[in-house]
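Chain letters run A, B, ... following the sequence lines, proteins first, then strands; residues in each count from 1.
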Amino acid sequence: MTHEIVMAGFGGQGVMLMGQLMTYAGMLENKQVSWMPSYGPEMRGGTANCSVIISDEPIGAPIITEPTAVVAMNLPSLDKFEPALRTGGILIINSSLIEQKAKRSDVKEYRVPSNDIASELGNLKVANMVVLGAIIAATKAVSQESVMQAFAKMFAKKPGLLEINEKAIKRGAALVEGK
Amino acid sequence: MTHEIVMAGFGGQGVMLMGQLMTYAGMLENKQVSWMPSYGPEMRGGTANCSVIISDEPIGAPIITEPTAVVAMNLPSLDKFEPALRTGGILIINSSLIEQKAKRSDVKEYRVPSNDIASELGNLKVANMVVLGAIIAATKAVSQESVMQAFAKMFAKKPGLLEINEKAIKRGAALVEGK
Amino acid sequence: MAEIAFARPESLHDVPFHYCPGCHHGIIHRLVAEVIDELKVRDRTIGVVPVGCSVLAYNYFNFDTQEAAHGRAPATATGVKRVHPDSVVFTYQGDGDLASIGCAEIVHAAARGEKITTVFVNNAIYGMTGGQMAPTTLPEQVTVTSPYGRDPEKVGMPIRVCEMLATLDGAKFIARVAVNNPANMAKAKAAIKKAFEIQMSGLGFAIVEVLSTCPTNWGMTPLEAVAWLEKNMMPYYPLGIFKTPEGVAK
Amino acid sequence: MAEIAFARPESLHDVPFHYCPGCHHGIIHRLVAEVIDELKVRDRTIGVVPVGCSVLAYNYFNFDTQEAAHGRAPATATGVKRVHPDSVVFTYQGDGDLASIGCAEIVHAAARGEKITTVFVNNAIYGMTGGQMAPTTLPEQVTVTSPYGRDPEKVGMPIRVCEMLATLDGAKFIARVAVNNPANMAKAKAAIKKAFEIQMSGLGFAIVEVLSTCPTNWGMTPLEAVAWLEKNMMPYYPLGIFKTPEGVAK
Amino acid sequence: MAEKILMKGNEAIGEAAVVAGCRHYFGYPITPQSELIEYMAKRLPQVDGVFLQAESEIAAINMVYGAAGAGARVMTSSSSPGISLKQEGISYIAGAELPCVIVNMVRGGPGLGSIQPGQCDYFQATKGGGHGDYHNIVLVPNSVQELVDYTILAFELADKYRNPVMLLGDGALGQMMEPIAFPQGAAAAPAKPWATTGLRGRKEPNVINSLHIQAPDLEKHNIHLQAKYKTIRENETRWETYKTDDAELVLVAYGISARVALSAMEQARAAGMKVGLFRPITAWPFPYEALAPLAGKAKAFLAVELSAGQMVEDVRLAVNGASPVYHYGRLGGMICSPKEVLGEVTKIMQGKEGK
Amino acid sequence: MAEKILMKGNEAIGEAAVVAGCRHYFGYPITPQSELIEYMAKRLPQVDGVFLQAESEIAAINMVYGAAGAGARVMTSSSSPGISLKQEGISYIAGAELPCVIVNMVRGGPGLGSIQPGQCDYFQATKGGGHGDYHNIVLVPNSVQELVDYTILAFELADKYRNPVMLLGDGALGQMMEPIAFPQGAAAAPAKPWATTGLRGRKEPNVINSLHIQAPDLEKHNIHLQAKYKTIRENETRWETYKTDDAELVLVAYGISARVALSAMEQARAAGMKVGLFRPITAWPFPYEALAPLAGKAKAFLAVELSAGQMVEDVRLAVNGASPVYHYGRLGGMICSPKEVLGEVTKIMQGKEGK
Amino acid sequence: MPKPVFNEDRCKGCELCTVVCPKKIVVIANRFNSKGYRPATCSDESQCIGCMMCARACPDVVIEIHK
Amino acid sequence: MPKPVFNEDRCKGCELCTVVCPKKIVVIANRFNSKGYRPATCSDESQCIGCMMCARACPDVVIEIHK
Ligand SMILES: Cc1ncc(C[n+]2csc(CCOP(=O)(O)OP(=O)(O)O)c2C)c(N)n1
Ligand SMILES: Cc1ncc(C[n+]2csc(CCOP(=O)(O)OP(=O)(O)O)c2C)c(N)n1
Ligand code: SF4
Ligand code: SF4
Ligand code: SF4
Ligand code: SF4
Ligand code: SF4
Ligand code: SF4
Ligand SMILES: [Mg+2]
Ligand SMILES: [Mg+2]
């Protein structure tokens, strides 16, 4: 099984971190993984995306042309990556910022109001974690536990962050799982 | 007929100018000509030499490996270029600074005390012109008239120089011609 | 229709800037554009923009521009000006661009008394490449290449560009300004205008250093950044006119 | 056998210089060598020599040396010094090398307070390449690239390097000297010695500019050249100590 | 080998350099290699090393010259425009035979270009670049783990041959993350009796120099250099082959392109096409001798690179007319996909020629 | 054509530039091209032109960028180390498609090397050099008269294709004197509506730029550049052949080496050996198509160049395995003599292979 | 009557305009614009004295002052 | 007795030593050395006071002062 996931949004929305956490989790599960970023020219306000591959096979090209899943944190990202998604693929849309619906009917759409949920949780910055929860629930590429383990390792120096981020991830996952 | 003449000495001894005048004269005589310098690394005190080719045929390589004539203004130049001279070639030695005699017996040696003659003429700087007179007399590659014409053109802005230089050239030529 | 008292200057295209929220580059662009409008020289202005966050400035300025190599804007501008001596040529450069890699070029443009104007945006950091140390980074300031704070013992104290260039005869107008509040913005604009006028009168080289924020790489909100600039940059980089043909002291 | 009161310093190999008759490079080499002998640091000195007439200085100095690329001696010396902080590292540079192509490198070595010493030979011309204009060439001075005389209107006034570097905090000792007469030679040597001592005490960057002749490219006899230096260079390039940790003014 | 960790390529190079005993780094920021300089800024002080951000790429390479000449294991890094600025310095380093490691994380060119990955500096790294007859040893890794392994090798080769070694990567390799492991312990640097350390009791001064003012001396020096290059060619040429034994079409690709080509190859095999892959690991010395024999077997070659056709010239030189050599490239920061390459492969296999 | 005059190669280039309408020169002194910068210093003010000695080669090439972008016919010149320093700028100029002429009077390398003539920057000029996929047009004259003719052509080609043109000479050509004649009058520069002159009534601002921040845009730009290079290849490839019709051995040489090779060829012919000479006049585009057909006729090729083997790779690419290709070179500032070349020729003709 | 006119989709919510208004009527709105920023707006146009401080302070030329 | 000792073949005849001698005893000889220069020499060693001025002034380290 090979997951090829593209996560995209504005710079500053935290898509890179989402991807890294998922990749890290994959590594912890002894899978073959790669993460590759692509930045727009701007420091802020530009678009940024990353490609995450989690696979049972050795990984050839780390780039993704036909993703198995796409996370769109803003409208330009949706417009850019929706067409490339494989038939049957998973499409996570940050519905807090994107009103537009998926145009394709051959994919599974999940609408995640991540900014609103993050607002609810009291920290706008964890919007990306809400989405992360959603994508791992939807793809099952890695387990929630591995992601939390990855988080703990990457933020070993800031254990205080764990709780709110875990909450956010769980909210996102719950949304997908319909809980 | 192709004359391949190497003129060598200390930087500052005026070998470059000698070569240029001879080349210019050749051009005025509608011959094929080329002049190529080779400088040592130093501004002064180093060695410098130039290769003059005057020919009736188009000139291929402008460099000379077996000269038909060599002018040595100082000892290192003699040591360096005497061995390369062709059998029957012409060797002009500035005997004011070089005591050493030609080692080869298959070449025509002319000893020209150019510094002394220049001193006599009242201007140390024309030592090279004395030698120039000698080499054109010895090789007959170009005529004295052409050289004087070349001099007049190259120093068009300093006509005052003509006289003493002509004298020097004549003295050098006379020495070779045994006058 | 209502009269418009304040609007985008003609010398700025009507497109959004790519700069981060609160970045002073936008203000400085506008001041330059306003000055060019006011001097009525848009028709003969050629801007030379640098490699740095303002690398895309050619998309914003509504007059001819050249994109120079990193640090070499003063050389490029020299080439332009020597071809069109009647044109108005300026460089717009960051502190990495001007004070680090382009140090020789700015010193020599100033020394030659090159008849160009330089707008020097000093934000004490490399903005574009993600917040590395600049020659103007302050002591103890943390950047991604001075992660333990700039250590003057190892890398020296920041360069004060105006003070250094003031030793060169060819530099005829040198000023340091800031755009941290409305009063200083007005002074900044006046200095930039003066720097263009010096060029137009053929006197020589003119430079205006503008203290500027980089909220993103400083890791602050735009308002915090302004406060940091006032507290930390201004004492080390005093504002003022360092040199002017009128002999006005700072 | 007679006692020898004045002899070649140990830090100079016993080989002839390639310099032109009367060229001051030879004197300056000897002064540097004498200082290194006197400070007893020959064993841990590493010289960095430039591209310029003194390009072959590695043949003359009797200690470790590196031949740097044109203008980059301060960067090369920085690399050396950062590897061997306990060594004594100096650059020896001409005015073309230091003030023109190497302008950024010397400014930044000074700004960083790099613990090296620079001996800067200002002969107002490019000696090695045959007499082109240097940034230090005087107004009206004729060179092969200023055949009508240096025109300040087109290429600006000469750069005064000491004055410029004195604006940088990292430069701890800055002096301009000459070797035009015995008294000045003594002062020159003292300044060079001081510049090495500053380095050895870890204070920062030190530079000594030595006004020097280039009889060949100036088209003069060595004695005429000295007179020209006194008459033309000294007024524009005042001798003195521009900066010293003791706070002694010039 | 220690536990696997997830690291960006650029940072992995930095840590590998530290493992290799590099304690001096001089560099100037540029995308897409800034993570490396930033890593060194943080890491070297922790191991009592020297990190210095130079005022420019030119200063950086000349600091490297000085430090290498003083005997240090030293590194610098940049990306395309910055590497162009270092060319004079690299030629000096090669001329003075100084060991050092230079990293180029290539981006799209020419000029300011883009900050996306490219392979368009192959010629610069392997042929031209600076002036004069010299060679860098050029290593072209294709994964983050290889960045680690070949960074360490780079320091070893540099010291072994007193030669600059270039690690030629690209923005993608530099910025991607993969799990890696670092070897334990550092390879020791050899003694450097030629280094300018100060005499310290030595009798004869050491001189670091690339000037040979008499042409015959410089020729002699060049002959020595060429002899060294010959030894390097004989001993250090590295490559890898995948399924070339029965291949009718051999893909030739290095670095990130080799990974794309590998995927394409697998897809082609899955579709029943006999396709193999030849992957140079040293771009200089290029594995001509290893590639040449394949020309007898394969009917065609396809060079895949992110350029308009640079490495393909080396492929042609190796194949020397024995089979047709095609080229497929993307330009200006675009990465080709396995699918595109597969398209080219299919065309060639079906006799519809590539470019 | 006017009366013949005797001039140094470097000075002849300067006067030819003036004849071609060049009125802007930016440069920095270096042996062995200083006569050129000095000539321009004297000459340009006489024709109301601008001569400026830049603070460095880097400043010079960026002044050229500015001036070319402003619409001027502009030139710079240097020798090997200085040309290395210009590589970033050249890549920018190529990327921004600016017309200019760059002279390289090559000396022995690598590093500081020597000041004697060399041909060891062939790769730099024709392949690598700066970063990215770009090409200079590279002219390689072999006499002082050709320096004149091809300097003028260089300006024309630069303007025609909006591309940097490099005149690749060597210290010998630059410093030797031969009789020459200048053509009357100047070739007019075309209109340059793209130049940054200030708007002066124009509506849309002009922008001189090599940045294409989106990779697809940069790819598009690169495809455009490659198409231009193809046109140049088709239209501007230049070469000369001497007695190749019946040649069993074809010498391939350019510039000063071509003169040596010509002498050697004559001597070989005199000795009864069927030897010819193929002389590229454009090193880029290299005359592959013109050289290839000779491979069917000649039994062998011998590349003669003052380098360890650079142009010979292009010869191999052209010959593509059809005949053996040998190389003879001198290094580090040494010039080979006709006699030495004749020796190589004789060895090959007698079946004792060259290198 | 003078009033500030905001080109809201250009606003990046940097707040620089809010601190310079002598009337303190330039405030950040509690909504997102299409770029995801909370834009500045005028809380009470009637109080505006047309001093143009807000417009001058804005790095993104978001504000025009109409009279 | 102090005296200046000239390494004559190293002398380039630049005359810098001649002007600094307080005793005016350093003079240019009327002959050429092997390099073609007229070398400096001492016209009257007995007058030498060993001040070393000549040696210090010489760019070519031609002169030693023996005591
Ligand atoms: C030769 C070269 N080196 C490095 C870079 C990378 N680079 C781009 S912008 C920049 C620094 C920008 O900082 P600054 O000039 O202060 O401008 P700011 O972004 O802060 O406005 C650097 C190092 C480059 N493009 N070219
Ligand atoms: C990159 C480069 N550019 C130019 C040169 C040529 N060059 C050698 S020395 C020199 C100038 C020397 O002048 P200066 O530094 O004043 O030293 P001087 O000879 O006067 O002592 C130049 C331009 C070079 N070797 N390398
Ligand atoms: S990175 Fe800094 S300088 Fe660049 S646009 Fe953002 S705030 Fe401005
Ligand atoms: S050229 Fe000038 S600086 Fe060089 S050695 Fe001669 S006199 Fe000295
Ligand atoms: S114009 Fe003045 S008063 Fe009106 S909103 Fe703006 S800052 Fe406030
Ligand atoms: S200053 Fe401009 S961009 Fe910033 S909040 Fe105000 S209107 Fe918006
Ligand atoms: S030591 Fe003094 S007195 Fe004696 S010769 Fe020399 S300068 Fe004259
Ligand atoms: S100073 Fe030295 S070189 Fe000059 S004349 Fe006197 S002894 Fe000779
Ligand atoms: Mg900045
Ligand atoms: Mg000088």
Side-chain angles (χ1 to χ4, degrees), chain C residues 10-13 18 36 41-52 54-89 91 101-112 114 116 128, chain F residues 23-26 28 44 48-74 76 86-93 95-96 98 100 130-131 192 194-214:
Chain C
E10 194 185 356
S11 288
L12 270 191
H13 285 298
H18 71 281
I36 287 169
V41 293
R42 194 176 74 88
D43 207 45
R44 57 188 173 104
T45 293
I46 303 161
V48 179
V49 301
V51 179
S54 39
V55 72
L56 293 173
Y58 56 78
N59 283 335
Y60 310 135
F61 287 129
N62 183 10
F63 42 72
D64 283 6
T65 45
Q66 291 200 9
E67 169 65 59
H70 189 33
R72 319 305 175 188
T76 300
T78 298
V80 172
K81 183 76 182 195
R82 299 272 172 153
V83 171
H84 300 297
D86 65 334
S87 59
V88 176
V89 179
T91 72
I101 190 170
C103 179
E105 284 74 14
I106 198 69
V107 165
H108 279 267
R112 277 195 307 271
E114 204 64 50
I116 60 171
M128 187 191 208
Chain F
R23 290 295 176 275
H24 291 82
Y25 174 96
F26 304 93
Y28 188 79
L44 279 177
D48 290 331
V50 172
F51 165 83
L52 190 63
Q53 180 175 323
E55 59 269 31
S56 69
E57 289 86 353
I58 291 184
I61 194 72
N62 285 286
M63 289 173 185
V64 165
Y65 177 100
R73 277 201 160 164
V74 56
T76 186
K86 290 184 204 268
Q87 291 306 326
E88 189 208 24
I90 293 174
S91 177
Y92 268 72
I93 286 170
L98 298 178
C100 70
H131 57 285
K192 301 184 179 180
W194 45 265
T196 57
T197 55
L199 284 164
R200 321 245 172 196
R202 188 177 359 98
K203 278 275 156 51
E204 283 302 305
N206 284 337
V207 179
I208 300 298
N209 180 32
S210 69
L211 174 69
H212 299 267
I213 209 147
Q214 304 292 353

Side-chain donor/acceptor of F/His24 to backbone N/O of C/Arg82, under 3.5 Å: yes

Point-to-point distance, once rounded to the nearest 0.5 Å, from CG of C/Asn62 to CG of F/Leu199: 7.0 Å

Heavy-atom pair of closest approach, residues F/Pro205 and C/Phe63: CB-O, 3.3 Å

Salt bridge (charged side-chain N to carboxylate O under 4.0 Å, His left out) involving F/Glu55 - partner list, sequence neighbours excluded: C/Arg112

C/Ala68, part contacting chain F, at a heavy-atom distance under 4.5 Å: backbone

Atom pair CD (C/Glu105) and CG (F/Asn62), whose distance is rounded to the nearest 0.5 Å: 7.0 Å

F/Ala70 backbone acceptor or donor facing C/His84 side chain under 3.5 Å: yes

Top contributor to chain C interface from F/Val50, F/Val64, F/Leu52 [non-hydrogen pairs under 4.5 Å]: F/Leu52

Nearest non-hydrogen partners of F/Ala59 and C/Ala75, listed with the distance: O-CB, 3.6 Å

Per-residue contact mode, F/Ala68 against chain C (heavy atom under 4.5 angstrom): neither

Side chains of F/Leu211 and C/Leu56 in contact at under 4.5 Å (non-hydrogen atoms): yes

Distance-minimising heavy-atom pair for C/Val83 and F/Ala72: CG2-CB, 3.6 Å

Which atom of C/Ala69 lies closest to which atom of F/Glu88, heavy atoms considered: CB-OE1, 3.9 Å

Atom pair CZ (C/Arg72) and CD1 (F/Ile61), whose distance is rounded to the nearest 0.5 Å: 12.0 Å

Side-chain ion pair, F/Arg200 and C/Asp86, N-O less than 4.0 Å: yes

Side chain, backbone, both or neither of C/Val49 within contact of chain F (heavy atoms, under 4.5 Å): neither

Criterion side-chain contact (heavy atoms from CB on, under 4.5 Å) against C/Thr65, the qualifying member of F/Asn209, F/Asn206, F/Val207: F/Val207

Spacing of F/Ile58 atom CD1 and C/Ile101 atom CD1 [to the nearest 0.5 Å]: 7.5 Å

From C/Glu67 atom CD to F/Tyr65 atom OH, the distance as rounded to the nearest 0.5 Å: 6.5 Å

